[in-house]
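Heads up: the structure comes next, in structure tokens.
Letters A, B, ... mirror the listed sequences (proteins, then strands); counts begin at 1.
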Amino acid sequence: MERIDIGLTVNGVRHERQVEPRRLLSDFLREDLGLTGTHVGCEHGVCGACTVLLDGDSARSCLTFAVQCDGASVRTVEGLGAPGALHPLQESFRRHHALQCGFCTPGMLMTALDLLAKYPLATDDEIREGLSGNLCRCTGYVNIVNAIRETAAARGDDTG
Amino acid sequence: MSKNTPAGMAEAPRPGIVGARVQRREDPRLLTGRGSYTDDRKAAGAVHVAFCRSDRAHARIAGIDIAEAQQAPGVLGVFTAADIDAVARPIRATSNMPDYRATEFVPLARGKVRHVGEPVAAVVAENRYLAEDAAALVSVDYDPLPDAADPEAALEDRVLLHEEAGTNLIAAREFARGDVDAVMADAALVVEDRFRIRRKTPAAIENRCYLAEFDAGRQALTLHGTTQVPGLLRDALAEIFDLPGHRLRVVAPDVGGGFGAKASLYPEEVVVCALAMRLGRPVKWTGDRMEDLTATSQAFDEIVRAKLAFDADGRFLALEADVIGDIGAYSIYPWTASLEPVQVVSFLPGPYRIANYRGRVRAVATSKAPTGPYRGVGRPVSTFVMERLVDMAARRLDMDPAELRVRNLVRDEEFPYKSGSGIVWDRAGFQDCLRVTLDRFGYAERRAEQAAARERGRLVGIGIASYAELTGIGSRISAAPGMPINTGTERATIEIDSTGAVTAAFGIASHGQGLETTLAQIVAEELGVRVEDVGIVHGDSAAVAHSTGTYASRSTVLAGGAATLSARSLRAQVVKAASHLLEAAETDIEMRDGVVSVAGTDASITLRELARAFYTEMRRIPKEARESLDLSASATYDPFFGTTTAATHIAEVEIDPQTFGVAVRRYVVAEDCGRIVNPMIVDGQVHGGVAQGIGAALLEEVVHDDSGQLLTGSFVDYVVPSAAEIPDIDAAHLDTESPSTLGGYRGMGEGGTIGAPAAVANAVADALSGMDIQINELPVTPERLFRLIRPDL
């Protein structure tokens, strides 16, 4: 199958690749770049596990073709903190036990980052509405909401 | 909780490691995308499988044309039943139950298909895209067979799903105590109904995925996979491929949720292993969501006719139930088809004092995906039915439903109490759970507010559900009724290596429960080291000689018990070694935070120094003493019977009179989960369980048409609750140590899902109590409610 040249920045690093037009961004990140932190849970855009930031906005990487990202800047969970130096949002998730199996967690974090950057998140209803495109089967969402509420309240300096 | 601070010591009691809110060691890797789930694993030269699956519910295979697929780009081969059957020996889920008929285990369909999604052919190609392209080119010629999807019709055996069984009735059982008919006939009051709880699916967010690697030089097979049961799977695959355990290893790396869905033997597991051996290359299958919704084990799907007799004071006299369980197309390995439906009748009497009971169950095969273990197994259904009957009785008596429960829940002085189905409840806080839940909910006040809201025309309801379950089940009882596989023991090996590091190895497999943290807490406390000093190995069949895995709320009780036994034995060895090194009596040796010292002196040695002395500084401990010592200990724990876990849930709901959507406004749970290892993790288990139970009550339903065609093949159609549908959940823990288990632990991973469907159903019924409507079918979707409330439209 024909391949197309693309160039994009992922977590601040520039990548030039040739990809099939049908290659999903999720597969491109996981298979071609080895960034397996982005998870794939449904491949039809409902569960939100594959959420990444595409030019600053949350996007489903399972519904995005890699060729659409030519020239774009992508941020994945690997672009937040590292195991020894967690991002404040990751710290809050850990403190509040906002993850269990961890499979939905990268998508939850990227969605929460987007919400924290754009919305007041003044009420739990607003947080829950913002998270309603990301499914979690383990936590019952209670501690995810707690973690985001605390991070939202501490906002002001830099959470992004 | 009392901690094991030695009596008479002057210092203040040290907070225990067991019972502390220790942050999870799993989190840093999972939060940063550095986890290692099966699909994240790369194997050099790996090829990919895609399955051609049946799009028919019940049909004979007249022919399979693989020619075009074989010619497709990147394809290494296309395989059908004969290819797999040539190398995989048959296996069946057997049972000791008399009225049970095992069905065959079918890796790839042999001659006929029995449900939509059943794998028919396996296509191997260089990558997943090419494998899926080619799988679409496999052409299967089907001759339709008559519909076999309706469980009640299937009982008539006019159409047989498994011809060799001679019937669709795969399992049947009856429990009876007392003269139920006579008591029912004499009873002043009886409530009865036909209940139905629709089929649901576990829907872990990680789909199933397997990677099989065959080392031809060593003739050794390794399967990495999304499984809760690596040891159980190893034993099954050893039988299927006739391999000894040292040439067959099953590893569950990070696993993205299970809930029972990843606890059985699957066709895809056998196929990837068979093809890895045949092709000499690593073979991977990454399932997608549609495959999960069609071919992962499903749950519930029962019709229950039930009847409760009681006297004018509300005392329960007799209970009777007749259950039809729609088990789907196959009796799943190893649990069998009796797993879910038989447990509905064994747990139906619940935590109540009921002298007379008769429960009859029939498990019937239909042309749908097989049912298997799902969080709660049988008990979400039994609790839904029993708790609805209790509320119906309360209404009949014009008595508060909380008061009726107080009158009938087994009281503290009545333990151990033997239920009508023969389950023995050890001491647990049945009444206490109810009392604490009512208090935390503010029951009287909320009832007053409900009355005021109803005055204003709002449809607000409050529902209670109490239940009891068996957890941490030992060898005396099988985790699945009649299953001849031991599920009652777990093993641990703990050793101190030459660097002084402590490693504890288990066969259980954590997939969200945080067992790497909680088991480290138990080992640290028992051994006398810091939590961070303990490395945990789990999820690997090579870790210990025998294990089945993580399911049935057993891992804290069983693996925790094995950890306790082996840590105590290892500690005794450390004390002996230290008595040589510190020249002190064994009785004077203490160990805390990884430092071994002599009581009342400043003589001490770190574990690292002790290990160096033991393993490399050969003159420090005499040869004879060294040879009689071992800085390694293994133990197997068997709770024998198991223990009781109990809880009461309360839900407050409001129904939107325009959309008929049900909003859960408040939710309180009080549960008796025994001695708590980590309260943060216990809360999380309750929250997640309740959310799944709310899903079962209001949203989640696997829907088939009359022919057995699946109508819910995506997450658009199969609705999993999101954050917007789940309320804040208040969980209280009674923390009463179990009298029956080592350490006093009780299992608590499933309870949330057991109580929630019943509590929400009772709350919905309460909200509609002014109308002549029965809530006897779950989920109560907006459509179902609309049809109940407006039958005229």
Tell me which of these, [options], has more heavy-atom pairs under 4.5 Å with chain B than the rest.
options	value
A:Met108, A:Arg23, A:Glu78, A:Arg22	A:Arg22
A:Leu35, A:Ile144, A:Thr36	A:Thr36
A:Gly37, A:Cys136, A:Ser132	A:Ser132
A:Cys138, A:Cys104, A:Gly133	A:Cys138
A:Ala82, A:Gly34, A:Pro106, A:Gly45	A:Ala82
A:Glu91, A:His96, A:Glu129, A:Glu31	A:Glu31

Distance, nearest 0.5 Å, that separates [atom1] of [X] from [atom2] of [Y]:
X	Y	atom1	atom2	result
A:His97	B:Thr517	NE2	OG1	9.0 Å
B:Met680	A:Arg95	CE	CZ	11.5 Å
A:Thr139	B:Ile726	OG1	CD1	9.5 Å

Applying side-chain contact (heavy atoms from CB on, under 4.5 Å) to A:His39 and B:Asp40, what does each step give before you reach the verdict? CA-CA 9 Å; A:His39 296 157; B:Asp40 301 343; 4.3 Å; yes
Quick check on [X] against chain A: is it the side chain, the backbone, both or neither that has a heavy atom closer than 4.5 Å?
X	value
B:Arg24	both
B:Pro202	backbone
B:Val255	backbone
B:Tyr37	side chain
B:Asp288	both
B:Ile681	both

Tell me which of these, [options], has more heavy-atom pairs under 4.5 Å with chain A than the rest.
options	value
B:Glu700, B:Arg21, B:Arg29	B:Glu700
B:Ser510, B:Pro73, B:Gly512, B:Ala691	B:Gly512
B:Ala203, B:Gly35, B:Gly287, B:Ser36	B:Ala203
B:Asp133, B:Ile694, B:Asp683	B:Asp133
B:Glu725, B:Gln692, B:Met290, B:His687	B:His687

Check whether A:Leu99 gets within reach of chain B through its side chain, its backbone, both or neither, counting any heavy atom under 4.5 Å.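 Both parts, backbone and side chain.
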With a 4.5 angstrom heavy-atom cut-off, which part of A:Val77 approaches chain B: side chain, backbone, both or neither?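 Its backbone and side chain both get close to chain B.
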[X] to [Y] - nearest heavy-atom pair and separation:
X	Y	answer
A:Ala49	B:Ile205	CB-CG2, 4.3 Å
A:Pro83	B:Arg34	CD-NE, 4.2 Å
B:Tyr129	A:Asp27	OH-OD2, 2.6 Å
A:Arg137	B:Pro721	NH1-CD, 3.8 Å
B:Gly257	A:Cys101	N-CB, 3.3 Å

Got [X] and [Y] here, is their nearest side-chain heavy-atom distance under 4.5 Å?
X	Y	result
B:Asn207	A:Phe103	no
B:Asp39	A:Arg30	yes
A:Asp124	B:Asp728	no
B:Ser722	A:Leu135	yes

Examine distances only and state if a side-chain atom of [X] and a backbone atom of [Y] form a donor-acceptor pair shorter than 3.5 Å.
X	Y	value
A:Gln90	B:Leu31	yes
A:Arg128	B:Ala723	yes
A:His44	B:Phe715	yes

So among B:Glu26, B:Gln513, B:Gln685, which one has a side chain to side chain contact (heavy atoms under 4.5 Å, CB included) with A:Gln100?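 It is B:Gln685; the other options fail the test.
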Residues B:Arg128 and A:Glu43 bridged, charged N to O under 4.0 Å: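 Result for this pair is yes, salt bridge flagged.
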